[in-house]
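To start, the structure itself, in structure tokens.
Keep in mind the model is a prediction, meaning the values are calculated, not measured. Each chain gets a letter, A, B and so on, in the order the sequences are listed, and its residues count up from 1. As a basis for the values below, the full set of heavy atoms in this structure was taken, side chains included, without hydrogen atoms, waters or symmetry mates.
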2 protein chains.
Amino acid sequence: MPRTEPKKPTRQRDADRTRTAILDAARTLFSTRGFTNTGVREVAELAGVNSALVGRYFGSKEGLYRATLERIIDISPMLHGDRRRFGVDMVAIFCDTQDASGPLAMMILSAADPAAHAASIEFLQTKVMVPLAAWLGPPNAEERAARLNILWTGFLTSWKLLPLEPLSDARIASTRRWLEAATQAIVDEGTG
Amino acid sequence: MPRTEPKKPTRQRDADRTRTAILDAARTLFSTRGFTNTGVREVAELAGVNSALVGRYFGSKEGLYRATLERIIDISPMLHGDRRRFGVDMVAIFCDTQDASGPLAMMILSAADPAAHAASIEFLQTKVMVPLAAWLGPPNAEERAARLNILWTGFLTSWKLLPLEPLSDARIASTRRWLEAATQAIVDEGTG
DNA sequence: GAGGCATGTACACGGTTGTTTACTTACGCC
DNA sequence: GGCGTAAGTAAACAACCGTGTACATGCCTC
């Protein structure tokens, strides 16, 4: 007799590691397939855990979405650079950093679901727009924040979600410069 | 005995009317719930027809999506006005016309589905970007078309899909003026 | 006016979804 | 060192999905 069958390779039990593995997998899938087209079983499989654990740790799929949002939304790094270089810094972060556009893609692709939609708006408002407007300062802080939001939502959507020929990676240089200037103009509006 | 049961109220048979009823319902639902979150049975119910007719007339749900796209994408009316008033005209059309933003909302909300995504890009490229670039003319026609696309995708997404406080209907006047100017600047770039 | 085909209907099929339940197993504390 | 509890597992549930099929019926043509 060789030995008793090895059963399971004695997988370590670690709740924290499991939680973060699920959250990592959820971020990846939500930001590429959106809320509705991402299945709980898919997330669990990518995370390498049992699918029932998603329900255990996050209550429901919507709970997982909210937890994923809360984890990845953080614009504070962008608000600590040189104010006069905000345009070029933003372009560099979003164009050159891998998956910096993930959170926005996740929200856009999930906007078709009412629950995910509500969660997205709530977090976008409190974690992005309010700090951004405060950083911009008068005059018309909120409206300028809204314009930045328009510009970048449009750019990232056109680039990543509905990519068209003129925005292909090879031809994006000219658009980058335009975007830098337009972004900087909104920031500088207060210091005219 | 009162009479034999009245069965059905002798509903008129009209294939064309049925087709357009399905397409109207599909446009409404696709542009508010997206492709995945819209069921064939929902479309049929809103159209007042039997759900099997969707399959009969359009082959599949994806076929219905393509047919709906083909029916509502038409930017030619916007390219026949005064070139010097393009900015204000665009703003008027999209802000004041009921559901002018429907097609874009439909494409964004459906971008999470691979089949719908491919169909959207195909139509956007051939029916919008190519005619728009031709109308803009040199220099850099395609890149300027891409910038207009960024601007308007961002605006409509921020306004309708992820509506935030500074873009609420009551406070949109200032953003409208900014958008008019930014749009017109891109158009005028060739005639500097 | 009768036949034939387009139109419309009812229903079932296989598959997938999110969620829950009952159960097993490993770890840490007394 | 045994035991309780947290961690993980397997399976099943009901509901819904897109699609296909088999059947009924109304309109047009000959």
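Between B:Asn50 atom CG and D:dG18 atom P there is a gap of 15 Å when expressed in whole angstrom units. The separation between A:Leu53 atom CG and C:dT25 atom P is 16 Å, rounded to whole Å. To the nearest angstrom, P of C:dG18 lies 13 Å from CD of A:Glu62. Across the protein-nucleic acid pair, A:Phe58 atom CZ and D:dA7 atom P stand 13 Å apart, rounded to whole Å. Here C:dC27 presents its P atom at 12 Å from CZ of A:Arg17, a figure rounded to the nearest Å. As rounded to whole Å, 15 Å separates atom C1' of D:dC17 from atom CG of B:Leu29. Nucleotide D:dG18 holds its P atom 19 Å from the CZ atom of B:Arg56, rounded to whole Å. Here the P atom of nucleotide D:dC17 and the CG atom of A:Asn37 are 14 Å apart, to the nearest Å.
Judged by atom type and distance alone, A:Arg13 reaches the base of C:dT25 through a side-chain donor-acceptor pair under 3.5 Å.
The backbone N or O of A:Phe86 lies less than 3.5 Å from a partner atom in the side chain of A:Gln184, making a donor-acceptor pair. For the pair A:Arg144 (side chain) and A:Val187 (backbone), a donor-acceptor distance under 3.5 Å is present.
At a threshold of 4.0 angstrom between heavy atoms, the contacts of B:Tyr57 are confined to the sugar-phosphate backbone, with no base atom among them. Here B:Thr38 lies in heavy-atom contact (under 4.0 Å) with sugar-phosphate atoms only. Using a 4.0 Å heavy-atom cutoff across all strands shown, B:Ser60 reaches sugar-phosphate atoms only and no base atom. Residue contacts for A:Ala52: at a heavy-atom cut-off of 4.0 Å it reaches a base atom on one of the strands shown. B:Gly55 comes within contact range of no nucleotide atom at all, as no heavy-atom separation falls under 4.0 Å.
In this model, the phosphate group of D:dA7 is not approached by any side-chain N or O of A:Thr18 to a distance below 4.0 Å at OP1 or OP2.
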Q. Under the side chain to side chain donor-acceptor pair (under 3.5 Å) criterion, do A:Arg33 and B:Thr36 qualify, and how do the steps go?
A. CA-CA 11 Å; A:Arg33 297 209 244 283; B:Thr36 310; over 6 Å; no
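Distance from the side chain of B:Arg41 is smallest to C:dA12 among D:dG8, C:dA12, C:dT9. In this structure, the nucleotide among D:dT19, C:dT7, C:dT19 sitting nearest to the side chain of B:Lys61 is D:dT19.
Ring pair A:Phe155/A:Trp159 is parallel by interplanar angle, where below 30° counts as parallel and above 60° as perpendicular.
For the side-chain contact (heavy atoms from CB on, under 4.5 Å) with A:Ile22, the lone residue among A:Val40, A:Leu46, A:Val49 that qualifies is A:Val49.
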